[in-house]
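Okay, structure first, notes after.
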Amino acid sequence: MADLSTLGRRVRHFRTAAGLTLDQLSDATGTAPSHLSLIENGRREPRLSLLESIAAALGVTSATLLDPAPPTARAALEIELERAQASPTYLELGLPQLRAGKTMSEETLRTLVGLHRELERRARQSIATPEEARRANTQQRLEMRQVNNYLPELELLAQAATDQVGHTGGALTHRTVAEMADRVGLTIVHTDDLPHSARCVVDMERGRIYIPPASIPGGHGLRSLALQAIAHKVLEHRPPADYADFLRQRLEASYFAAACLMPREASVAFLSAAKRERSIAIEDLRDAFGVTHEAAALRFTNLATEHLGLTLHYLRVNGDGTVTGAYENDGLPLPLDATGSTEGEVVCRFWSARRAFARRTRTTEHYQYTDTPAGTFFESTQTGTGTPDDFSITLGVPYGESKWFRGRETQLREASTCPDATCCRRPQDGLAERWEGKGWASPRVRTHLFAPLPHGTYPGVDDRELHEFLEAHAGIEA
């Protein structure tokens, strides 16, 4: 249904088109001209009976008047200007409201609307700092910890989507994903000219999902990209209001995709059988459903506590030891900064996540026990090569729950006292004095620590590049 501002403009548009004045419409509906004027200016909501009378007098239907689309391009600009002047960004300036009257040219109106768009963009950019992103990410991690990383409503949506195409287990095929997209009005299109800042692009107007060619290395990840695009449609996501909203949407889309690739019922049955055999292994879950090791580990964190009764932790760590993703509900003492964020912090060099890099052969998982101030943990780590750095994926549990996992027989054991700086950050006694003033290192600067977050409609995506891509592909047959 149209809001009052749009409704008022539609009434005025059709009244003018019918060649009626307010007085004439007043006579036809038995309503005072002043009351009709308030309706046309979006300041009063008409009763349904009055709306039907107005529609009859204008020769249209009530549904036509209630259409949420502005009646003209100028009306759309007028509404946008009105809403912009009601925003907190504009109100805090203390400037007067400017009414877009008949005498205002369309060129002036477009200029004012453009200024407001830029004002709002700069307001968003000023608050979307790395610190804001880190705080939002921390808050989301804590919220997911409260629910054991399990979202039952998304499980149900994913189950309904896979049930419709008859998928119950095993690897979800590209053809089946395409069928799932078709069921929500989307078509998958492969293209090799995506904007450099986007993994995929969705054209909601034409119902297309643009993703890279299926023949690229690691193309199995394209199923997840397409499913995440489907999730945005199913979950009715809108452009995020802030970074926290962006992270929430990304989490929901990723969760939905994982729950489709590894359906709950089949995954829980598979993992329960492995637990009974005391042989839980992420690599088995990965192979059973044809996904990446990282996807399997993350999916395990969704299901382990709720359905297997296991607490656990997950880490994705770069080759230099910095955390790029983490979750725990087992008490593992994650490295944290002053805001409580762990992303970008360096994990202890004695943890499995880093010890795994020291192996000469990395084709198998690295198992070890790690003693920490919070207790002993059993960890399984798989390493991989990415862009631009190597990375490791670690799944760990408290010592008492190691009995359910493959690799528990390992004799490898390390001790960590982090966050105590003497554990692995301070030089050994005498070394600092020995080399003071005699050694120099040029550090590898992480430029993302200095740059503000890239901004657009979606953080990190170049708006101009995105819109030029959509325009260029609009006329191409899918």
Side-chain angles (χ1 to χ4, degrees), residues 130 133-134 137-138 140-141 144 149 196-197 199 212 216-225 228 247 250-251 254-255 257-258 261-262 281-287 289-302 312-328 332 334-337 341-368 370 377-397 407 412 414 416 418 424 443-449 460:
R134 289 167 72 83
N137 205 44
T138 298
Q140 180 174 275
R141 176 168 52 81
M144 292 305 294
N149 217 33
H196 78 283
S197 56
R199 298 185 304 161
I216 65 170
H220 54 274
L222 298 180
R223 294 173 302 160
S224 181
L225 284 181
Q228 289 177 50
L247 288 177
R250 188 176 67 173
L251 169 70
S254 298
Y255 195 112
L261 289 166
M262 293 164 274
I282 299 302
E283 59 183 339
D284 288 352
L285 182 63
R286 173 197 68 197
D287 295 342
F289 292 92
V291 296
T292 65
H293 197 88
E294 181 175 13
L298 283 169
R299 185 61 173 147
F300 186 77
T301 69
N302 299 148
L312 74 165
H313 63 266
Y314 160 88
L315 286 166
R316 190 185 197 279
V317 174
N318 280 343
D320 61 0
T322 56
V323 179
T324 57
Y327 169 78
E328 64 79 27
L332 179 75
L334 295 173
L336 304 174
D337 68 6
S341 174
T342 188
E343 284 72 15
E345 295 299 297
V346 179
V347 301
C348 178
R349 67 179 62 197
F350 300 117
W351 286 12
S352 177
R354 291 186 66 183
R355 296 297 293 168
F357 290 119
R359 296 184 303 159
R360 291 184 178 180
T361 303
R362 301 185 187 176
T363 55
T364 58
E365 292 193 55
H366 171 79
Y367 303 109
Q368 79 170 50
T370 309
F377 296 86
F378 168 74
E379 297 181 307
S380 170
T381 299
Q382 179 69 269
T383 57
T385 300
T387 304
D389 202 0
D390 290 350
F391 65 92
S392 67
I393 303 296
T394 298
L395 198 291
V397 295
L412 293 176
E414 298 285 352
S416 165
C418 281
C424 63
R444 178 184 297 174
V445 178
R446 302 188 187 102
T447 55
H448 68 274
L449 296 178

Hey, is the main chain of [Y] close enough, under 3.5 Å, to the side chain of [X] for a donor-acceptor pair?
X	Y	answer
Arg299	Met262	yes
Ser352	Ser380	no
Arg354	Val347	yes
Thr301	Leu298	yes
Asn302	Asn149	yes
Asp320	Thr322	yes

Atom pair [atom1]/[atom2] of [X] and [Y] - distance to nearest 0.5 Å:
X	Y	atom1	atom2	value
Asp337	Thr138	CG	OG1	6.5 Å
Glu365	Glu283	CD	CD	4.5 Å
Ser341	Arg141	OG	CZ	6.5 Å
Leu251	Leu247	CG	CG	8.5 Å

Does any part of the side chain of [Y], heavy atoms only, come nearer than 4.5 Å to the side chain of [X], both counted from C-beta?
X	Y	value
Thr383	His366	no
Thr381	Arg359	no
Trp351	Ser392	no
Ile282	His293	yes
Leu395	Phe300	yes
Leu222	Pro212	yes

For residues [X] and [Y], report the shortest heavy-atom separation together with the two atoms involved.
X	Y	answer
Thr342	Leu334	OG1-CB, 4.0 Å
Tyr314	Glu294	OH-OE2, 3.3 Å
Phe350	Cys424	CE1-CB, 3.9 Å
Ala295	Val291	CB-CB, 4.1 Å

Geometric class of the His313/Phe377 ring pair [parallel <30°, tilted 30-60°, perpendicular >60°]: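 Because their plane-to-plane angle is over 60°, the rings of Phe377 and His313 count as perpendicular.
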
Sequence-distant partners of Glu343, salt bridge (charged side-chain N to carboxylate O under 4.0 Å, His left out), two or more places apart: none

For Asp287, salt bridge (charged side-chain N to carboxylate O under 4.0 Å, His left out) partners two or more places apart: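 Testing Asp287 for salt bridge (charged side-chain N to carboxylate O under 4.0 Å, His left out), a comparison that skips the adjacent residues, returns none.
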
Ser416 versus Thr370, side-chain donor and acceptor atoms under 3.5 Å: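 Short answer, no.
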
